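In this text, all values refer to a predicted model and were calculated from it rather than measured experimentally.
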Amino acid sequence: MTNYRLTPLAQSLPDTVPFVGPEAQERARACLFDARLGANENVFGPSPMATRAMAETPQWMYGDPESYELREALADHHGIRPDMIVVGEGIDGLLGYLVRMMVAPGDAVVTSDGAYPTFNYHVAGYGGVLHKVPYKNDHEDPDALFAKAAEVDAKLVYLANPDNPMGTAHDGADLVAAMDKLPAGTLLVLDEAYLECAPGGTALPLPMDDPRVIRMRTFSKAYGLAGARVGYAMGAPDLIAAFEKVRNHFGMNRAAQAGAVAALEDQTWLRSVQARIVASRHRIKEIARKNGLKPLNSAANFVSIDCGGGSTYAANVLHEMVARGVFIRMPSVAPQNRCIRVSCGTPANLDIFAEVLPVALRAAEMR
């Protein structure tokens with residue numbers, strides 16, 4: 001067969017993916033990165049309890065398709081009922097299921113221009129129509145998002161708090177006030193991947209079953225289990241029940257479920273990681289300022305840094321950093337693309353970053 005019978009929608013989509021992974025870049029360079037500071041992974045790692053639980057999990061059995069123990073543990077942790085929680089293959093997987101449930105070809109969806117691209121990827125894959133609003137002072141703009149949702153009768157509006165790629169955050173109470181303008185019939189998709197890295201007051205102070213919002217959380221960031229792919233969503237029971245119609249019931253492997261349960265139990269480890277993230281953010285900012293750059297305030301496990309020379313200069317800095325073995329990324333849309341983005345790292349990682357950055361800046365100025 002030479003002509004595959006793809007759907008017209010699939011045929012119309014570009015041959016792109018949301019991210020080119022560091023492994024692909026290492027293969028292209030034919031060598032490993034010296035410092036992996038671009039994927040917002042938690043280099044401090046998961047709880048030893050989680051590592052041990054995963055290693056000791058029998059692999060001959062399929063994972064529990066209901067993720068019963070993990071949902072029970074999450075319900076106890078958050079003080080809610082298990083029927084308000086669905087577990088999936090990271091937030092990315094849950095976003096795909098949610099879009100599959102709710103977005104038909106031609107349906108309107110709203111997001112910020114330059115926000116997390118995997119959401120857009122899913123919407124395009126199901127034929128939804130994306131409507132975008134700009135950031136405001138390097139923050140996603142809830143008022144503009146909700147106004148656009150009303151204008152286009154959006155089914156979904158996506159907002160990350162804290163935000164990726166900028167690391168900025170809104171106070172949860174401010175988001176609640178803005179939700180007065182959220183149109184009836186529009187669901188707020190609140191991506192809280194970095195919430196455990198953020199200061200108090202960032203979480204949305206509303207009941208978890210508020211029907212206007214679904215909250216996405218993950219074990220990939222502060223809990224250090226990015227490779228295990230464990231995410232969960234919390235919302236009204238009727239909405240959560242609808243996931244059963246479309247999700248991959250055997251998508252969650254048994255070891256990942258066991259690791260997530262153990263990680264949730266070890267809040268002492270989580271607090272130690274949170275402290276290291278704060279220290280790492282502080283060091284990244286110091287390094288940036290020492291080199292004449294302007295770091296943005298961050299509530300996530302990375303720092304965006306204004307390079308001060310526009311998007312072309314920032315792209316040159318990124319190129320020179322990567323060429324010298326330091327993997328970082330940058331926002332893709334103006335005016336945020338004047339920045340580079342550096343994930344929190346170990347002291348050794350950041351020593352390398354501090355050594356390479358001034359060299360990369362000089363090289364970027366000569367390009």
Side-chain angles (χ1 to χ4, degrees), residues 17-19 21-23 36 39-101 118 122 191-197 208 214-235 237 239-274 301:
V17 296
F19 298 104
E23 292 83 3
R36 180 167 164 145
N40 301 343
E41 296 151 325
N42 175 3
V43 300
F44 309 114
S47 160
M49 291 172 55
T51 302
R52 185 164 54 251
M54 295 174 75
E56 294 174 354
T57 299
Q59 292 299 313
W60 64 271
M61 294 179 285
Y62 289 109
D64 177 5
E66 297 180 3
S67 297
Y68 177 83
E69 289 187 14
L70 179 53
R71 288 171 55 242
E72 289 284 329
L74 286 166
D76 183 66
H77 179 72
H78 291 290
I80 59 177
R81 301 195 312 272
D83 65 355
M84 296 161 60
I85 302 169
V86 61
V87 171
E89 306 92 320
I91 289 178
D92 289 351
L94 290 165
L95 288 172
Y97 295 141
L98 180 66
V99 172
R100 183 181 179 185
M101 281 162 46
T118 300
H122 289 309
D191 184 339
E192 297 180 317
Y194 299 94
L195 187 66
E196 287 88 0
C197 307
M208 289 291 186
I214 184 168
R215 288 175 248 210
M216 304 279 187
R217 304 271 180 96
T218 186
F219 284 86
S220 295
K221 305 303 180 185
Y223 284 102
L225 288 169
R229 310 307 300 130
V230 187
Y232 61 103
M234 296 178 289
L239 175 61
I240 296 302
F243 279 86
E244 297 303 309
K245 300 179 180 182
V246 300
R247 72 180 180 90
N248 179 1
H249 287 250
F250 285 97
M252 294 303 304
N253 75 74
R254 182 172 290 272
Q257 293 180 45
V261 170
L264 197 65
E265 291 176 354
D266 194 353
Q267 292 295 302
T268 300
W269 180 265
L270 176 64
R271 287 190 291 272
S272 74
V273 168
Q274 290 167 327
N301 70 339

Exercise. Between E196 and K221, is there a donor-acceptor pair closer than 3.5 Å when you use the side chain of the first and the backbone of the second?
Worked result: no
Is R217 paired with E192 through a side-chain N to carboxylate O contact shorter than 4.0 Å? yes
Check your understanding: Does a sphere of radius 6.0 Å around OH in Y68 hold more than 12 heavy atoms from other residues, nucleotides or ligands, not counting ones at 6.0 Å or beyond?
Key -> no
N/O donor-acceptor pair under 3.5 Å between Q274 side chain and A222 backbone
no
Smallest heavy-atom separation, A233 atom then L94 atom, equals N-CD1, 3.7 Å
Residues 67-86 vs salt bridge (Lys or Arg N to Asp or Glu O under 4.0 Å), sequence neighbours excluded, gives R81-D83
- Message: Does any part of the side chain of R215, heavy atoms only, come nearer than 4.5 Å to the side chain of M84, both counted from C-beta?
- Response: no
Could you tell me how the ring of Y232 sits relative to the ring of F219: parallel (under 30°), tilted (30 to 60°) or perpendicular (over 60°)? tilted
A side-chain contact here means heavy atoms from C-beta on lying under 4.5 Å apart; do Y223 and V273 qualify? no
Partner of Y194 under side-chain hydrogen bond (donor to acceptor under 3.5 Å, both in side chains), picked from N301, T218, N40, is N40
What one should report as the nearest heavy-atom pair of Y97 and R247 is CE2-CA, 3.5 Å
Is the shortest heavy-atom distance from the side chain of I85 to the side chain of M208 under 4.5 Å?
-> no
Here the pair of heavy atoms bringing A228 nearest to N253 is O-ND2, 4.1 Å
